[in-house]
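Notes for the one structure printed next.
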Amino acid sequence: MSVKDLIIESLYAQLSEHLSKEEIDKLIEKPSNSEYGDYAFPVFTLAKIYRMAPNLIAEKVAAEIDSNLFEKINVVGAYINFFIKREEHAQNVIAEIIEKGQDYGRTDIGKNGNVPIDMSSPNIAKPMSMGHLRSTVLGESIALILEKINYKPIRINHLGDWGTQFGKLIVAYKGWGDEETVKSDPVNELVKLYVDFHEKAEENPELDDQARQAFKKLEDGDPEYTELWNWFKEESINEFKRVYQLLNINFDYYTGESFYNDKMGEILDLLEEKKISKIEQGATIVDLSKYDLPVALIKKSDGATLYLTRDLATAYYRKRTFDFVKSLYVVGNEQSDHFKQLKAVLKELGNEWSDDMHHIPFGLITLNGKKLSTRKGKIVLLEKVLLEAIEIADKQITAKNPDIENKDEIAKQVGVGAVVFHDLKSDRQNTFDFNLNDIVQFEGETGPYIQYTYARLNTILRKYGKEVATDHPYRLNDEHSWEIVKLLQQYPEVIIRAAEQFEPSVIAKYAISLAQLSNKYYAKVRILDENEELESRIQLVKAITIVLKDALSLLGIAAPEKM
Ligand code: ARG
């Protein structure tokens, strides 16, 4: 039983008539000053029931707790302060971590339930920009966190591979494009064509009509246009995959928007049958005023379906195919209304499972103050950013450790890890700007800092040279190591919190705290000193490396053994 559970049980034994275990759990505090114990329980909420002064209630409750379970219990004002039997407790925590290894913190909360995660989802014939980085790395980390508590994540790339822009691209390519040029640098050349199209269409609006007709032909299955579209798509996916490979991310499905072309009719029929939709000025709409949402446009008067129509079909498809327990959409917060409308229409159709769908919004990031826009051709390419980060990492590693083996691989892990970590460490709703040189640093709250801490602790273990024993009694009792043990013990709860909030930053912040505390300890104590506490210190170091590595892995970041 964890220490906190022990405290909860002890209090619950007396207070079960008034408070549930969950309520007690929520009331328990961690005093910032350890003079007031490791945990404290304020009794204010009991004042009404006991009709006594809070300090007297605290005294009364404290007197009934089995004091053998704790080092000490005292009362200060309205607080009951619990002092844990450190050595005994620390021994349990450390032994558990070393025995379980990377399984420490694993639970069965998810019961293997399917969770499709709609993530990354860039648009075909456009480069993957920094804007898509967030969706990709947030989605991946959420998948890894959910996996740890035994959900079954299903990574889906809902590519933007359908829409009027393909009409424009076809007109541009057939008008002034060239096969060889496109083949030499596909996505960039396609973007150029797209940008050119918009410039030319400003002077020559006829082009827009041609684009509409071209898209219509594509929708009707014109073989030449379909082949072109397939080609654009293939080239784009190949380029996206290069980035996913750098990030070490694999998708289970590349089912983009076009996959739902033949799956929308059924939804339109259902909406009509159930009298949920109506026709207004030729267009099919759903009134959502009772949800305080704008009208949902389902079909335009010219018969064209919309992004929302496709997402309705997608939701049904995912429910039927995966029978999901949750269905996640990691998409920027500018699409919040879209997902609210989506859920509301599904609710109107009587689908209770729409409550299991969650839009996981996030704020926009910019690089060196530059915003991202494909129209004007001002794009910050994700691949370029990652390669630059790897280069900066390589320089730092060369300066620190020029003869290191596998330098290229390590530079990749550090450079990419730096970008990913920076992206995940702040609350996902934050918007922020970043500068590559600042984040690929071995100091500060960075990914490389945590990787470096991990590598340094591993060097100690290598120097120690022996197998780390679990059965050897753990004896440390100083303040510093105790703070670390308390943090290590919190790890399983931290994972659950991150999963409940779909918030990888909870893990990232935890990893920063653990690395900082460990470095403080390392600076204060000579870990490899031959004395009777050597084994205990080594056990502590081993436990830290296990948890640091696992925390990084939940963020999708590698932990090199040497750096
Ligand atoms: N392709 C879209 C974009 O880049 C994101 C798609 C998100 N997923 C969805 N099911 N709507 O803006």
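The chain is numbered in sequence order, starting from 1. Just follow the structure's listing: the first ligand is 1, and inside any ligand the first atom is 1.
Taking a cutoff of 4.0 Å between a charged side-chain nitrogen and a carboxylate oxygen, E272 and K299 do not qualify as a salt bridge.
Using a 3.5 Å distance cut-off with no hydrogens or angles, the side chains of N157 and Y244 do pair a donor with an acceptor.
No option in Y329, W353, F324, F502 other than F502 meets the ring-ring contact (aromatic ring centres under 6.0 Å, His included) test with H358. Exactly one residue among D103, D550, D108 makes a salt bridge (Lys or Arg N to Asp or Glu O under 4.0 Å) with K148. That residue is D550.
For a heavy-atom separation below 4.0 Å, the residues in contact with ligand 1 are D118, S121, N123, H132, H158, Y307, D311, Y329, V331, Q335, F339.
Under the 30°/60° scheme for interplanar angles, the aromatic rings of F339 and H359 are found to lie parallel.
In this view, D438 and N435 satisfy the side-chain contact (heavy atoms from CB on, under 4.5 Å) rule, not counting sequence neighbours.
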